[in-house]
Amino acid sequence: LKVKQDAENKEASAQSLERRTAIVERVEAIAAQIKGTIHWRNAQKEIGELFDSWKEEQKLPHRVPKKAADELWNRFKTARQTFDRAQRAYFQSKQSADKEAKSVKTELCEKAEALAPKGADGIGQYRGLLEEWKKAPRAARALDNQLWDRFKAAGDALYSAGSAEWTANTEAKDALL
């Protein structure tokens with residue numbers, strides 16, 4: 001009976017070691033993706049789920065040899081830290097890029113709005129600003145859309161003023177004829 005129980009415990013420990021190894025290998029695979037394209041939110045969620053699985057494995061009564069468990073835990077921890085550092089660096093650089101784009105595009109909006117008193121005469125300058133806009137860095141979608149709406153409103157005001165001037169000029173020319 002004892003021999004049978006020892007064999008079952010040994011088999012259960014081996015299976016637990018296998019599951020832990022699979023968990024660690026998956027975390028390492030996710031961490032390896034940081035050099036390519038990765039969906040940060042999904043990857044972070046999956047790593048959290050893998051960590052929960054790891055904790056569940058530790059609660060099981062089947063003991064894994066301490067040396068093997070420690071080695072696997074160190075691999076898990078290293079992969080997770082690599083992922084966390086890369087994720088922080090990515091979002092810090094994205095935040096910095098958004099800040100720069102916001103600054104550039106806000107300045108373009110202010111220049112476009114300053115053209116309003118010029119009416120139709122400001123359209124040429126507005127077109128130049130539009131070319132600068134196209135070359136400017138992109139910000140987060142919501143922010144970019146908000147700034148574009150502001151920039152476009154300034155352009156629409158210029159074109160409306162120009163249209164009114166052109167209509168008045170056309171009517172004056174027709175009256176002369």
If you compare all heavy atoms of [X] against all heavy atoms of [Y], which two are closest, and at what distance to 0.1 Å?
X	Y	value
Ala136	Val104	CB-CG1, 3.8 Å
Leu147	Lys102	CD1-CA, 4.0 Å
Ala31	Ala79	CB-O, 3.5 Å
Asp98	Leu143	O-CD2, 4.2 Å

Applying salt bridge (charged side-chain N to carboxylate O under 4.0 Å, His left out) to Lys67 and Asp70, what does each step give before you reach the verdict?
CA-CA 5 Å; Lys67 184 178 179 183; Asp70 287 348; over 6 Å; no

Quick one, [X] and [Y] - any side-chain contact, counting heavy atoms below 4.5 Å?
X	Y	result
Trp54	Leu72	yes
Cys109	Trp133	yes
Glu110	Arg150	yes
Leu129	Leu115	yes
Leu50	Ile30	yes

Which distance, rounded to the nearest 0.5 Å, do you find between the [atom1] of [X] and the [atom2] of [Y]?
X	Y	atom1	atom2	result
Ile47	Gln87	CD1	CD	8.0 Å
Gln92	Ser96	CD	OG	9.5 Å
Lys134	Leu108	NZ	CG	13.0 Å
Asp121	Leu158	CG	CG	10.0 Å

Between His39 and Arg41, does a side chain to side chain contact (heavy atoms under 4.5 Å, CB included) hold up when you go through it step by step?
CA-CA 6 Å; His39 190 284; Arg41 184 176 295 147; 3.8 Å; yes

Just checking Phe151 against Trp148, ring centres under 6.0 Å apart?
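Ring-ring flag for Phe151/Trp148: true, centres closer than 6.0 Å.
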
State yes or no: are the ring centers of Phe83 and Trp40 separated by less than 6.0 Å?
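Judged by ring-centre distance (under 6.0 Å), Phe83 and Trp40 do meet the cut-off.
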
Under a 4.0 Å threshold between the charged nitrogen and the carboxylate oxygen, would Asp6 count as salt-bridged to Lys10?
no

Would you call Lys135 and Glu132 a salt bridge, using N to O less than 4.0 angstrom?
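Result for this pair is no, no salt bridge flagged.
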
Between the side chain of Asp144 and the main-chain N/O of Ala140, is any donor-acceptor distance below 3.5 Å?
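No: the side chain of Asp144 does not pair with the backbone of Ala140.
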
Side-chain donor/acceptor of Thr82 to backbone N/O of Thr78, under 3.5 Å:
yes

Name the atoms and distances for all side-chain donor-acceptor pairs under 3.5 Å in residues 12-29, with sequence neighbours left out.
from  : atom 1 : to    : atom 2 : distance (Å)
Ser13 : OG     : Asn9  : O      : 3.0
Ser13 : OG     : Arg63 : O      : 2.6
Gln15 : NE2    : Glu11 : OE2    : 3.2
Ser16 : OG     : Glu57 : OE1    : 2.7
Arg19 : NE     : Glu57 : OE1    : 3.4
Arg19 : NE     : Glu57 : OE2    : 2.5
Arg19 : NH2    : Glu57 : OE1    : 3.3
Arg20 : NH2    : Glu57 : O      : 3.3
Thr21 : OG1    : Leu17 : O      : 2.7
Arg26 : NE     : Glu46 : OE2    : 2.6
Arg26 : NH2    : Glu46 : OE1    : 3.1
Arg26 : NH2    : Glu46 : OE2    : 3.3
Glu28 : OE1    : Arg75 : NH2    : 2.9
Glu28 : OE2    : Arg75 : NE     : 2.9

Please evaluate residues Asp156 and Lys152 with respect to the criterion salt bridge (charged side-chain N to carboxylate O under 4.0 Å, His left out), reporting the C-alpha separation (whole Å), side-chain torsions for both, the decisive distance (0.1 Å), and the verdict.
CA-CA 6 Å; Asp156 289 347; Lys152 187 175 180 309; 3.2 Å; yes

